[in-house]
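Scroll down for the structure; my scribbles are underneath it.
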Amino acid sequence: MQKIKTVKGTRDLLGNEIILHNHIIEKFVSLCNLFNFSQISTPILEYSEIFTKSLGLSSDIVSKEMYNFEDQGKDKLVLRPEGTAAIARAIITNSLEQDSNKFFYHGPMFRRERPQSGRLRQFHQVGIEYIGTNNFLSDLEVIILAEEFLKDLKIREKLVLEINSLGNEMIRKKYNESLKNYLEENITELSNLSKERLKKNPLRILDSKEKNDIKIVKGAPNIIDFLDDESKRMFEDLINGLEKLSINYNINKYLVRGLDYYNHTAFEYVTEEKKSQNTVLAGGRYNQLFASIGGKDLCGVGWAAGVERIEMQINELKTNDDKVCFFSTSKELDLEVLKIIAKLESINNIKMHFINSGNLKKKFSKANKIGSIGSFILGEDEWKIQKITWKDFSTGAQEMVELDNIHQFLIKNYLNKKKCR
Ligand code: ATP
Ligand code: MG
């Protein structure tokens, strides 16, 4: 019989994978707290229009990747494909437009893409949004947070920060026209996909990974030449800031983000691999987003990173958890052992495991099999004097420990002895 499977492009998280996943989220959350960003959690279900109005009908997400459906009440809903538009919606819904807001979020996102390594239909993002300021210092602050996050995970040196300016809406319009003219002159050499995109969203062609397209794009006009004085100054201030802070970057004149709501700053942390899933963290400024979904004219800048793409950059996460087993020498004492465990206060990085079946030999071999560092064994004689035997599996040494003293004993002898992270 065929085994029951997960939905295509989705996966169960368990074992080492969920340990790594949680490790990434924990690093992210503690950094966001340090920088005084507040957590926000928006629903996975949203009205479709939140995304269709803001991301642009020709964006990949809206044109082909959204999980759209009509529910029994004829409401047009989507499984959220990304976080930023949902957070903008939440700011409007909760009347938070007056304040400057710094938010962080993490959770699953949904896009119906062709599943492959680093590209799932249910994937996870961590992200931040700095809303309510148009100051380049906010752009710089969100980039610093990205830098620190990637450094904490020890993957910063594997990535390159690419940065560009997309100017304002007017500039993009003018640039779009000039780009379209150029690409139309070279249309015969473009890939079929790019020919399609030329009709709806020529900017996306700059993103193409097709060899021929890349050749054509190299001769295309670039947006930096179209920037007005204000956009130029903003970009220069940001670049100066990166220099002063010794943050390595590359200006990539052809970096565009695939969504309509971006303007001015756009950036991506990419691996040097030349495949289409090489962007780990991406973001930029979005001063038109709020107006596009019916809110006030609010500015914002932020980024999102794919947790699965980060995972691919981390070779191995060694945990420093130690397991300690507990068992008795006879059935009559099993409940006493459970009572002892229940009373113990938790100790960082130490896990207690109660073995409740098998003869003594089996219990020992089970404790070994799960890789415990040792076992507490409760026998009749020890119980009478309110003690328990400790056996250290790495040395074979055995000793008696007072029942009231187990916690202290573990802390003194074993806590963080095997630091390996
Ligand atoms: P890509 O060009 O790889 O499709 P994107 O521009 O669609 O990325 P964003 O919408 O900017 O991606 O999302 C931010 C990050 O989320 C990406 O840089 C990537 O790390 C991650 N991401 C996006 N789509 C997926 C997916 N289908 N599976 C896994 N991670 C994803
Ligand atoms: Mg995409």
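As a basis for the values below, the full set of heavy atoms in this structure was taken, side chains included, without hydrogen atoms, waters or symmetry mates. Treat the numbers as computed from the prediction; the structure is a model and nothing was measured. Both counts, for ligands and for their atoms, begin at 1 and track the order of listing.
Taking both residues in full, the closest heavy atoms of K296 and Q98 are given as NZ-NE2, 3.5 Å, listed atom of the first, atom of the second, then distance.
If you take CD1 on I143 and CZ on F267, they are separated by 4.5 Å, rounding to the nearest 0.5 Å.
Closest to atom 8 (O) of ligand 1 among all protein heavy atoms lies R309 NH1, 4.4 Å. Nearest protein heavy-atom contact of atom 2 (O) of ligand 1 is R119 NH2, 4.3 Å. In this structure, atom 21 (C) of ligand 1 lies nearest to the protein heavy atom G306 CA, 3.6 Å. From the protein, the heavy atom lying nearest to atom 17 (C) of ligand 1 is T279 O, 4.0 Å. Closest to atom 30 (N) of ligand 1, if we only count protein heavy atoms, is F123 CD1, 3.4 Å. From the protein, the heavy atom lying nearest to atom 11 (O) of ligand 1 is R257 NH2, 2.3 Å. Closest to atom 7 (O) of ligand 1 among all protein heavy atoms lies R111 NH1, 2.9 Å.
A distance-only check finds a donor-acceptor pair linking the side chain of N101 to the backbone of L96 [under 3.5 Å].
The closest approach between any non-hydrogen atom of Q125 and ligand 1 is below 4.0 Å.
Below 30°, between 30° and 60°, or above 60°: for F393 and F364 the angle between ring planes is between 30° and 60°, a tilted geometry.
Set against the non-hydrogen atoms of L120, the atoms of ligand 1 under 4.0 Å away are 26 (C), 27 (N), 28 (N), 29 (C).
Residue E113 has at least one N or O atom closer than 3.5 Å to an N or O atom of ligand 1. Any N or O atom pair closer than 3.5 Å counts here, and V280 shares at least one such pair with ligand 1. Checking only distances, I61 never comes within under 3.5 Å of ligand 1, N or O to N or O.
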Subject >> side chain to side chain contact (heavy atoms under 4.5 Å, CB included) evaluation trace for K215 with K211 >> reply: CA-CA 7 Å; K215 222 167 70 192; K211 230 173 157 184; over 6 Å; no
**OP:** Could you go through the side chain to side chain donor-acceptor pair (under 3.5 Å) check for N356 and D334 one step at a time?
**Re:** CA-CA 7 Å; N356 65 5; D334 275 342; over 6 Å; no
Identify all side-chain donor-acceptor contacts of residues 230-246 below 3.5 Å with residues at least two apart in sequence or on another chain.
residue, atom, partner, partner atom, Å
S231, OG, D228, OD1, 2.6
E243, OE2, Y249, OH, 2.5

N/O donor to acceptor pairs below 3.5 angstrom from side-chain atoms of residues 174-184, sequence neighbours left out:
residue, atom, partner, partner atom, Å
Y175, OH, P221, O, 2.8
Y182, OH, I216, O, 2.6

